[in-house]
Protein chains: 2
Amino acid sequence: MQNFSFHNPTKILFGEGRIADIGAEIPAGARVLITYGGGSVVKTGTLAEVKSALAGFTVFEFAGIEPNPTYETLMQAVELARREKIDFLLAVGGGSVIDGTKFIAAAIPFVGDPWDILARRAPITSAVPFGSVLTLPATGSEMNNGAVITKKATQDKLAFANPLLYPRFSVLDPAKTLTLPPRQVANGVVDAFVHIVEQYLTYPADAAVQDRFAEGLLLTLIAEGPRALAEPDNLAVRANLMWTATLALNGLIGAGVPQDWATHMLGHEITVLYGVDHAQTLAIVLPAMLQVRREEKRAKLLQYAERVWNLRDGDEEARIDAAIAHTRAFFESLSVPTRLSDYGIGADAVAALVAQLERHGMKKLGERRDFGLDGSRRVYELAA
Amino acid sequence: MQNFSFHNPTKILFGEGRIADIGAEIPAGARVLITYGGGSVVKTGTLAEVKSALAGFTVFEFAGIEPNPTYETLMQAVELARREKIDFLLAVGGGSVIDGTKFIAAAIPFVGDPWDILARRAPITSAVPFGSVLTLPATGSEMNNGAVITKKATQDKLAFANPLLYPRFSVLDPAKTLTLPPRQVANGVVDAFVHIVEQYLTYPADAAVQDRFAEGLLLTLIAEGPRALAEPDNLAVRANLMWTATLALNGLIGAGVPQDWATHMLGHEITVLYGVDHAQTLAIVLPAMLQVRREEKRAKLLQYAERVWNLRDGDEEARIDAAIAHTRAFFESLSVPTRLSDYGIGADAVAALVAQLERHGMKKLGERRDFGLDGSRRVYELAA
């Protein structure tokens with residue numbers, strides 16, 4: 001395997017009722033800004049539960065962080081936090097709220113325009129500490145140091161990461177996910193699935209444990225994802241999905257192995273131009289991506305076919321075809337369509353999507369940094 | 001799954017040449033005490049490499065930490081550290097050196113007799129920070145906060161753990177394991193294997209990911225363990241073994257699931273009375289333990305048979321028998337014998353071993369705390 005450093009200091013508080021424990025994780029006397037999204041945490045009572053656990057702290061609120069959180073919205077929170085001298089942030093919601101809160105945490109002490117953190121990779125030397133209460137298992141943001149932020153004005157969707165941006169703690173209470181609409185549950189399963197694939201379906205790197213862990217997480221999603229939709233009150237299923245989504249992107253399965261992320265880059269452009277859910281874009285791109293890059297990924301595709309889908313019969317081409325077909329069918333079984341046309345996007349979109357990739361410098365993608373715009377065009381065409 | 005908290009702040013520096021990076025992980029100006037064992041790190045050059053990486057620090061050395069580190073030896077290091085006002089410890093060696101260094105770290109600031117930390121569970125409120133350079137993959141001590149210490153005077157072997165006792169960093173350089181004698185390689189594989197089993201072969205707890213991860217680690221040991229002995233120069237194999245042994249006991253696969261540890265408790269007494277290697281005692285106890293407790297462990301034994309040993313034919317009893325036989329044969333294939341008699345210990349030892357367990361209060365062992373001395377006696381008898 002490749003040399004690596006692994007250091008994930010986030011403390012996980014897992015299980016029903018763990019919100020009650022957050023007070024002990026925040027410095028005494030802190031002025032806390034709770035950040036959240038569109039109000040579902042108000043309706044479900046989660047926000048009230050969080051505020052009750054914060055009795056004794058001075059608490060402020062910032063609502064309205066949207067899916068694919070925008071710089072424009074987040075800067076309002078930054079201004080509030082600076083004005084009120086906030087010294088701890090608490091994200092209550094899904095990956096978008098946590099991602100947005102990471103940007104707020106870095107932006108508060110930043111000198112200059114914080115958009116430079118993304119656009120110019122400006123260094124971050126400090127960040128306001130923060131925790132999270134996760135309500136939507138999907139992105140893994142609750143136990144990693146990365147975030148994706150969109151600038152509405154320019155339709156840019158960019159990623160950043162920094163060792164200062166691990167949550168101090170994250171509460172994973174699976175009971176909080178029981179009220180999610182089926183579409184969000186399905187999206188979360190697809191999102192976690194593709195996170196794993198981006199770190200696994202590359203080329204063999206003699207990383208036996210990372211492979212086994214990735215396969216174990218995929219097998220868990222395949223078993224538990226459909227159950228979460230069929231048995232929406234099954235808390236044990238939700239618990240397994242929640243822990244799987246966290247471990248899919250906390251750095252562990254990606255340590256010491258090549259990583260891809262081209263599917264994400266191609267997906268981001270679909271979201272930016274057409275407003276399709278992040279996970280839906282991944283379901284569109286991944287099957288086509290695996291088809292277009294089957295030669296570069298051959299050895300791992302065969303391993304994936306055997307260990308994840310139990311495909312042992314037929315020649316190599318047949319097993320790879322079947323593995324890709326099973327992947328597509330799995331997404332479809334969760335009611336997540338896998339073609340651009342399923343979302344009303346015509347083949348004429350391909351040129352615009354490729355132009356976006358070019359504008360964002362995405363000319364050398366993939367685990368070998370050799371997947372260019374021609375390849376991306378073929379993926380979009382195949383996904384039409 | 002059960003509620004859990006997971007927080008592992010140890011930074012892992014994995015790969016060849018990573019010793020060169022340790023200087024950046026230790027506070028500038030620190031007075032560093034290097035701790036090590038019997039001198040193999042001198043012969044292999046690892047100690048010299050460590051000292052070279054610590055140029056600029058004031059460095060002291062303490063040699064002679066033995067396998068099954070003793071209170072008597074470690075207290076000499078504590079006195080040295082107090083006298084020289086050490087503010088960082090660096091363990092260079094295997095699990096015994098790291099375990100011993102954890103005790104030293106806790107004992108330096110301890111008021112009173114530090115043996116009380118083990119014997120009376122005296123609280124630890126501070127500890128000297130420490131790192132490790134691992135040379136023997138086996139115990140997982142490099143990424144957890146626990147240790148086992150022996151008091152020579154009374155033949156007590158006791159365990160303790162504390163959140164203050166995670167290494168700040170651990171270097172895992174698989175090249176440093178190439179010079180290990182085969183017996184230590186084999187012992188390491190057995191030790192890691194049984195660590196996993198103690199957290200996995202209990203009763204079903206709806207912990208899908210933990211099960212898959214445990215199975216993935218076991219499958220890796222089964223594939224790579226014999227290769228490490230057959231291909232002693234294969235660095236990729238050593239890398240996989242090293243990372244597996246660390247992940248076997250860093251808290252991850254044990255989070256949210258019942259744990260057993262009875263095999264370890266019964267094994268400890270064999271080491272204390274007869275000086276048998278720790279891993280050898282586990283190889284003696286485990287097959288007998290699984291046989292004696294096959295009813296309580298039935299469901300997981302069947303899962304283990306299927307997923308780890310690919311045993312799908314025959315009735316339940318046959319599959320369980322075969323899984324236990326495969327486990328024993330795996331240890332034997334590594335040249336680690338699995339009977340007390342193989343080590344020259346007669347059946348008359350059983351009474352003395354049970355008396356030791358009783359003296360140490362080990363009357364309610366196992367995942368349900370209902371495994372008593374009669375059961376332990378049957379295990380020792382079956383292992384004769």
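Being a predicted model, the structure only gives us computed values, none of them experimental. Within every chain, numbering begins at 1; the chains are lettered A, B, ... in the order of the sequence lines, protein sequences first and strands thereafter.
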Step by step, work out the side chain to side chain contact (heavy atoms under 4.5 Å, CB included) result for B:M1 and A:F14.
CA-CA 10 Å; B:M1 92 187 70; A:F14 193 100; 3.9 Å; yes
Using modelled atom types and a 3.5 Å cut-off, is there a donor and acceptor pairing between side-chain atoms of B:N8 and backbone atoms of A:P9?
no
Atom CZ of residue position A:R168 - does it have more than 12 heavy atoms of other residues, nucleotides or ligands inside 6.0 Å?
no
Of the backbone (N, CA, C, O) and the side chain (C-beta and beyond), which part of B:L235 lies under 4.5 Å from a heavy atom of chain A, both, or neither?
neither
What's the separation between atom CD in B:E224 and atom CG in A:D206, rounded to the nearest 0.5 Å?
7.5 Å
Would you call the rings of B:F6 and A:W243 parallel, tilted or perpendicular if under 30° counts as parallel and over 60° as perpendicular?
perpendicular
Is there side-chain contact between A:L219 and B:R212, with heavy atoms separated by less than 4.5 Å?
yes
With a 4.5 Å heavy-atom cut-off, do B:L217 and A:F213 have their side chains touching?
yes
Got a second to check how far A:E215's CD is from B:E215's CD, nearest 0.5 Å?
12.5 Å
Distance in Å, A:N3 CG paired with B:L172 CG, rounded so as to fall on 0.5 Å steps:
11.0 Å
In short, B:A208 meets A:T220 closest at the heavy-atom pair CB-CG2, 3.7 Å
Can you tell which part of B:T244 gets under 4.5 Å to a heavy atom of chain A, answering side chain, backbone, both or neither?
both
Between A:N240, A:V237, A:T10, which shows the greatest number of heavy-atom pairs under 4.5 Å with chain B?
A:N240
Name the region of B:M143, side chain, backbone, both or neither, that has any atom closer than 4.5 Å to a heavy atom of chain A.
side chain
Ranked by heavy-atom pairs below 4.5 Å to chain B, first place among A:Y166, A:F169, A:F4 goes to A:F4
